[in-house]
Structures are given as structure tokens and as C-alpha cells.
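Here's the structure we're looking at; comments come further down.
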Amino acid sequence: MGGTVSLVLLLLFLWGLCSQRVERVELTAPAVFVLVGLVLATCLGSMDLAPSGETVKGLAEICLTWILFADAARLSFRVLRPDLGLYLRLLLIGLPLCIGLGALLAAGLLPGVSGWAAVFVGAALAPTDAALGASMMSDPVVPERVRRLINVESGLNDGIATPVVVLALVGAAGAAGAGPDANGKAVVELAIGFAYGSVLGLAGGWLLRSALRKGWAAEEFAGPAVLALALLSYLSSVAIGGNGFVAAFVAGLAFGTAYGDAPQGQLLFTEQSASVLSLLVWLLFGAVLVPAALPHMTWQAVLYAVLSLTLVRMVPVALSVLGTRMDRATVLFVGWFGPRGLATIIFGLLALEDLAPAVTHQVLPVLICTVLLSVLAHGFTAGPLARRYGAATAAGDAERPELWLHVIPVRRLTGGADAARRRGSSD
């Protein structure tokens, strides 16, 4: 075990040394660590590369908790207000349509998957992960308004989809013989998580802001304090019978509201910690989950993955922005950059724990295949498509300076953002 841990730490160190260089050849951090995990699982099978399921699940849950909290807390409603209608369209129209279309496709295409299990597949594959297109998200040739739209949608849709995933899991387990009151219990857990997260986030944001203003708290320890608050929101909510992910997401929204306009400095430590954990999750995804799913992979799962990343994503996006002034190129660009990532992996791990093995073998390969295809497809196309789209829209954007009003925070796993800013300033 010590050798495996040493190897993983060495990989993290090496990534820190060469991440900027690797980013130049259009390789994102998730793509690199998934590929490394696959290589390790293939070539070094004798090593203890597969920790216990509880360890993998624990790392993934902590990572998603920090991401949910930070993505929600860093939102500035002052910055979002000019395009609030677009965000609401994508989240309140596009996201439900994506879940519904994904569920219908799962019920019709995947053998043995129907009812609540199909809803679970649609909901688990609806959230997007902007980090898989990090080079696009940090490239100044893409209008900032478009990058912000993709980033905000990615930051919120996993938290919004979580209640649907939870209810679908309970429904699928109930169809397999769970207690009749399981659905009611799940609704109660969601309500407790929402209420508890709201109170904890508001209290935490107000207390930290007051402590910093009065000089009680040291600035350099504010980041670790927020990191602890994010994890506290999850663990304590679970302890009192609430849903931890919902609590973390709502606590982040409440924290950002109570603290004030986008507390970026205080969230940096949480985001960096989540980034390190996410690299480990991607490594384990390639080393453990992908090899485990391969024996159960079918042509239906591969076809569903392709359709999930294209039609199931693009059609709802196009329908949700009908009546706006968004041009066709932008609709296609936003529709394509809906990569599936960490949230889907965690939802798959929840299914592995809650569902019967027969159901798990039906749905888990679909999720893993979609995420793997997304890591590769979106990772390799982010840079080229960003440059092509940016060049095509450069003239129009120059005539609309309002698209460049605000700097958006992008959760990233490479040094590509700094490089992009340097390229933009030198042009």
C-alpha cells in the first residue's frame, strides 16, 4: 500500500512540474489522469491500485462536496444579473428537458433499464463539468459572456440535479424491494438538507465576514475555515438525517449571499483542495472503475454515450434558448461543451451502494462509458473549437463591448488560465 501511495504522490508532483507544458498539446488534467490510471491498471496490476470501495466513495464525496459549495458560493448575482434570463432558461428548461430526454432514451435503448432506473441514468448524466474543457474556459478568444454562461450552468446544474438523482435511486431501490416509505424518507432528507444548509451557510458567511472586519480572524486562515465549513455542511447534515450534497450546495449559496459579492479569496483554498482530490478521483476512475465496467459494456451503452453527449445535450439547449438573440454558432458551441465529469462519477458510486447488482450492471457501464468518452472528446476539442469559434465571432464581439465586462472565476486543474491571459495581453 505504501508503494501505491508513493506512486500517486509522485504523479501529483510530476503533474505540478509539467502541467503547463502538457496543456499546450490540448491534454486536460482529467484526460491525463484517466489515461495514467488505465496504464497503471494494465501494466502494474500486481500493485495495490484498487483501494476499498468505501475509500473511493469517501474521496469522491468529499471532492464533490467542496466543488458544490465553492461553485455555489462564488456566484456574484451582480455579475449574473445581465444574463439572468439565459441562466434560468438553461437550468429550469434545458436541464429538465435533458433529464427527461435522457430517461426516455435509456428506457428505449438500454436493455432491462426502465422506470426509475431510466430516470436515474438521465439525471446522473445531466450535470456538466466545465473543468473538462479548462483550456476553452480560460481562452480569451471565446467571448467572456459565453464562457460565463457555460461556467455558471456547470456550477449549478449538479446541485439542482441531485434531488432528482436521490429520488430516482430510492425509486429504483423500491422497485427492487425496498420499504414502501423510502420515497417519503428521501423527500424528508432533501428538505432537511435544504433547510440546514441555508441556516449554516448564512450563519457561516455572516460570522466570517464580521470576524475579518473586526480583526478577529487572520486573512490567511479564512481559506481553511471555509474549507472546514463546506465539509461540515455535508457531514453534519448527514448526521441529523439530511442529504449532505443538497446541504453543501445550499450552504454555498447562502454563504456567498451572507458574505457578500463573490468571496473569491476565501474560496481559493477550498477550490485548490477540491482540485487535488479531483485528480485522485480521475486516477481511480481510470484505474478501478473503467476496468470494472468493461466486461459489462454493450453496444447500446456506447451508442447511448454518444447520443448523451450530442443530441440529448444539444436539443434541450437549443430549445431552452428559443426566442433569444443567441446565434446558431453559439447555440452549437454551448450545446457541445456539456462534458460529464465528477458529479456523474459520484452518482454512479451512489448507485453502486444503493442498487441491486443486477441494476448496477445495467446502468453503471453507461455512466462510465459516457464520462470516459466525454473526457477524451471534450478534452481534445476544447482548444481547437475555442479558437475556431472565437475567430468566427471576433468581429461581432468587438462591436458588443458589454460581453467583456466582468472577469469570471474558472475552476481549473491546469495552469492554462494564466497562459491564456498572457497570450491575450500580448496580442
Side-chain angles (χ1 to χ4, degrees), residues 27-39 41 53 56-57 59-61 63-64 67-68 98-99 102-103 105-106 109-110 113 120-134 150 153-154 157-158 161-162 165 169 274-275 277-313 336-353 355 360-382 411 413:
L27 278 176
T28 63
V32 169
F33 276 78
V34 169
L35 292 175
V36 169
L38 285 169
V39 170
V56 177
K57 183 171 177 287
L59 287 175
E61 287 179 344
C63 181
L64 183 60
I67 289 173
L68 286 171
C98 186
I99 293 174
L105 181 64
L109 179 63
L110 302 176
V113 175
F120 167 75
V121 173
L125 285 171
T128 58
D129 188 348
L132 270 67
I150 296 173
E153 181 199 11
S154 171
N157 57 17
D158 43 9
T162 296
V165 170
L169 278 175
S275 294
L277 269 189
S278 69
L279 295 180
L280 296 178
V281 173
W282 285 117
L283 180 68
L284 293 173
F285 175 77
V288 179
L289 295 181
V290 173
L294 287 179
H296 306 285
M297 201 67 67
T298 63
W299 68 265
Q300 292 97 330
V302 177
L303 178 58
Y304 186 95
V306 173
L307 294 176
S308 177
L309 298 177
T310 52
L311 293 179
V312 175
R313 161 71 182 177
W336 169 245
F337 281 105
R340 311 309 200 274
L342 285 171
T344 299
I345 295 175
I346 279 80
F347 294 150
L349 292 172
L350 293 178
L352 192 61
E353 179 182 0
L355 299 182
T360 302
H361 291 160
Q362 294 168 347
V363 302
L364 200 57
V366 179
L367 305 188
I368 292 175
C369 182
T370 305
V371 172
L372 180 61
L373 182 61
S374 179
V375 168
L376 298 176
H378 291 103
F380 284 111
T381 63
R411 179 172 56 83
L413 304 176

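Remember, it's a predicted structure, so these values are computed and weren't measured experimentally.
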Before you tell me yes or no, could you show the steps for V32 and W282 under side chain to side chain contact (heavy atoms under 4.5 Å, CB included), namely the whole-Å CA-CA distance, both residues' side-chain angles and the distance that decides it to 0.1 Å? CA-CA 9 Å; V32 169; W282 285 117; over 6 Å; no

CA sep, side-chain torsions, deciding dist, call: L350, F120, side chain to side chain contact (heavy atoms under 4.5 Å, CB included): CA-CA 11 Å; L350 293 178; F120 167 75; 5.9 Å; no

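Closest heavy-atom contact between D129 and G341: OD2-CA, 3.6 Å. P339 and L132 get closest at one heavy-atom pair: CB-CB, 3.7 Å. Scanning both residues, V113 and Q362, for their nearest heavy atoms gives CG2-CB, 3.7 Å. Nearest heavy-atom pair across L279 and A29 is CD2-CB, 3.7 Å. V288 and P291 make their closest contact through O-CD, 3.5 Å (heavy atoms, listed as atom of the first residue, atom of the second, distance). Residues Q300 and L110 approach most closely at O-CD2, 3.8 Å, considering heavy atoms.
Distance check, rounded to the nearest 0.5 Å: OG1 of T128 to CG of N157 gives 4.0 Å. Of the inter-residue distances, the one linking L125 atom CG with T344 atom OG1 reads 5.0 Å to the nearest 0.5 angstrom. Separating the CZ atom in F33 from the CG atom in L280 is a distance of 7.5 Å, to the nearest 0.5 Å. Considering OH of Y304 and CG of L373, their distance stands at 13.5 Å, rounded to 0.5 Å. Here the CG atom belonging to L59 is positioned 11.0 Å from the OG atom belonging to S278, to the nearest 0.5 angstrom. Note that the SG atom of C98 and the CG atom of L311 stand 11.0 Å from one another [nearest 0.5 Å].
Checked options L303, L109, V121; the residue passing with V366 is V121 (criterion: side chain to side chain contact (heavy atoms under 4.5 Å, CB included)).
Remark: side-chain polar atoms of S374 are not paired, donor with acceptor, to backbone N or O of V371 under 3.5 angstrom. S154 contributes no side-chain N or O that, together with a main-chain N or O of I150, makes up a donor-acceptor pair within less than 3.5 Å. Listed for the T381 side chain is a donor-acceptor partner under 3.5 Å among the backbone atoms of A377.
Using the six-membered ring where Trp is involved, F337 and H378 have ring planes that are tilted, between 30° and 60° apart.
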